[in-house]
Amino acid sequence: MHLILFIVFAGLCLTGAINLLLQTHPINSALSLIVVMTSLAVLYLLLGAEFLAAAQIIVYAGAIMVLFLFVIMLLGVDRRDQYRETIPFQFPLAVLFSAGLLGVLIYTIRAAFTKTPFTGLAQANASGNTQGLGRLLFTHYLFPFEVTSLLLIVAAIGAMVIGKRRAPAETQPEDEDA
């Protein structure tokens with residue numbers, strides 16, 4: 001039964017991720033991301049990580065997606081009159097970040113196929129799911145946890161800067177006859 005549920009929800013997760021990339025409307029993409037987050041929560045339940053599944057639903061599928069939808073609505077991304085402003089050194093920075101992301105992806109794939117099994121999950125579940133997860137998160141995975149929080153702060157500040165920069169351009173044009 002676990003295998004059937006895994007196949008169904010992994011397929012649903014992949015379908016939602018592909019749909020996320022193929023959608024042209026940002027609201028539909030955000031809804032597809034909710035499908036992906038919910039499917040991941042079910043996969044966490046199948047692994048026996050109940051706390052992580054609940055946190056996935058509450059934090060990501062709930063709060064973060066509401067924040068995404070709020071930013072999409074605030075910035076008016078669905079409007080046709082988009083203005084594009086290039087940032088100096090935008091292309092080299094994009095290449096640099098893409099190379100870094102590719103490096104992380106290669107490292108993750110290589111680590112997944114090494115001969116040494118990861119015993120962190122067994123250690124996390126030994127003393128209780130929540131306590132072990134917290135101990136593992138704040139010792140072994142402290143750096144990725146802090147980088148994720150930094151990225152969320154930078155994204156929120158960037159959304160506010162973009163929203164503030166667009167606000168004067170959306171005001172009513174002055175009457176030229178007056």
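Scope of the values below: all heavy atoms of this structure, side chains included, with no hydrogens, waters or symmetry mates.
A search for side chain to side chain contact (heavy atoms under 4.5 Å, CB included) contacts involving I7 returns L3, not counting sequence neighbours. Y60 meets the side chain to side chain contact (heavy atoms under 4.5 Å, CB included) test with M37, Q56, I64; sequence neighbours excluded. For V35, the side chain to side chain contact (heavy atoms under 4.5 Å, CB included) partners are L12, S39, not counting sequence neighbours. Listed by chain and residue number, nothing satisfies the ring-ring contact (aromatic ring centres under 6.0 Å, His included) test with F6 (two or more places apart in sequence, or in another chain).
Cluster note: L151 groups with F143, V147 through ILVMFWY side-chain heavy atoms spaced under 4.5 Å, whether in direct contact or through intervening members.
For the atom pair I153 CD1 and S149 OG, the distance stands at 5.5 Å (nearest 0.5 Å). With rounding to the nearest 0.5 angstrom, the CZ atom of F9 is 8.0 Å from the CG atom of L46.
I57 and L45 fall into different hydrophobic clusters, where Ile, Leu, Val, Met, Phe, Trp and Tyr residues are linked whenever their side-chain heavy atoms come under 4.5 Å apart, directly or through other members.
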Can I get a per-line list of side-chain donor-acceptor pairs under 3.5 Å for residues 13-21, giving both atom names and the distance, sequence neighbours left out?
| unit_1 | atom_1 | unit_2 | atom_2 | d |
| --- | --- | --- | --- | --- |
| T15 | OG1 | G11 | O | 2.7 |
| N19 | OD1 | Q23 | NE2 | 2.7 |
| N19 | ND2 | S32 | OG | 2.8 |

